[in-house]
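So the structure is just underneath, and the comments pick up after that.
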Amino acid sequence: MIDWAEVTPLASLIGGILVGIAASLLILLNGRIAGISGILGGLLNPKKNDVYWRLAFLSGLIIAPIIYRTVHPLPSVSVNAGSTTLIIAGLLVGIGTRYGSGCTSGHGICGIAKLSPRSIAATLAFMLAGAFTVLLARQLAQ
């Protein structure tokens with residue numbers, strides 16, 4: 001069920017525009033795709049002069065909500081799953097990211113913007129898999 005009282009179209013639009021600007025600036029100024037899994041993965045086996053921009057990008061993902069919290073309360077988060085479920089889900093996401101050669105941000109934002117057939121197929125696959133998983137989980141919960 002969608003809680004329509006919590007829907008924030010203006011904030012969502014502004015957030016989407018900011019993500020688009022950030023992804024555009026990263027590719028224009030650095031020649032890199034704003035795929036979080038690739039940015040994080042690049043820190044595991046770093047190349048010369050390739051660490052600082054990755055750390056800056058990832059730090060921004062952590063710092064931005066902290067700054068936002070100073071002007072607006074963060075939404076409450078409720079996770080209705082146990083630790084085992086969360087660990088399995090995280091592992092499956094990681095496997096899917098490696099198998100699909102990228103994550104939702106890399107394929108869904110940057111790849112589709114470049115009209116990449118591989119990214120369009122990957123985005124369709126993970127959106128359909130997510131929808132199927134929710135449908136299955138709701139059926140099992142009944």
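Remember, predicted model here, so these are calculated numbers, not experimental data. For the numbers below, each heavy atom of this structure counts, side chains included, while hydrogens, waters and symmetry mates do not.
Under the 4.5 Å side-chain heavy-atom criterion for Ile, Leu, Val, Met, Phe, Trp and Tyr, Val79 and Val134 are members of distinct hydrophobic clusters. When hydrophobic clusters are built by joining Ile, Leu, Val, Met, Phe, Trp and Tyr residues whose side-chain heavy atoms come closer than 4.5 Å, directly or via intermediates, Ile63 is not grouped with Tyr52. A continuous path of Ile, Leu, Val, Met, Phe, Trp and Tyr side chains, each step under 4.5 Å between heavy atoms, connects Leu124 with Ile112, placing both in one hydrophobic cluster.
Rounded to the nearest 0.5 angstrom, Ile33 CD1 and Cys103 SG are separated by 10.5 Å. Here the CD-CG distance, from Gln139 to Leu136, works out to 8.0 Å after rounding to the nearest 0.5 Å. The structure places OH of Tyr99 at 14.0 Å from CG of Leu92, a figure rounded to the nearest 0.5 Å. Atoms CG and NZ, on Asn45 and Lys47 in that order, are 7.0 Å from each other to the nearest 0.5 Å. Summarising the geometry, atom CG belonging to Leu18 is positioned 9.5 Å from atom CG belonging to Leu13; distances are rounded to the nearest 0.5 Å. Within the model, atoms CG of Asn30 and CG of Asp50 stand 8.0 Å from one another, a figure rounded to the nearest 0.5 Å.
Pro65 and Gly60 get closest at one heavy-atom pair: CD-O, 4.4 Å. Of all heavy-atom pairs spanning Cys110 and Ala34, the tightest one is SG-N, 3.6 Å. Shown here for Ser105 and Gly35, the closest heavy-atom pair between the two residues is OG-CA, 3.6 Å.
Judged by distance alone, the side chain of His107 and the main-chain N or O of Gly100 form a donor-acceptor pair under 3.5 Å.
Cluster note: Leu61 groups with Leu26, Ile36, Ile39, Leu40, Leu43, Val51, Trp53, Leu55, Phe57, Leu58 through ILVMFWY side-chain heavy atoms spaced under 4.5 Å, whether in direct contact or through intervening members.
Side-chain contact between Ser101 and Arg118 is present, with heavy atoms from C-beta onward closer than 4.5 Å.
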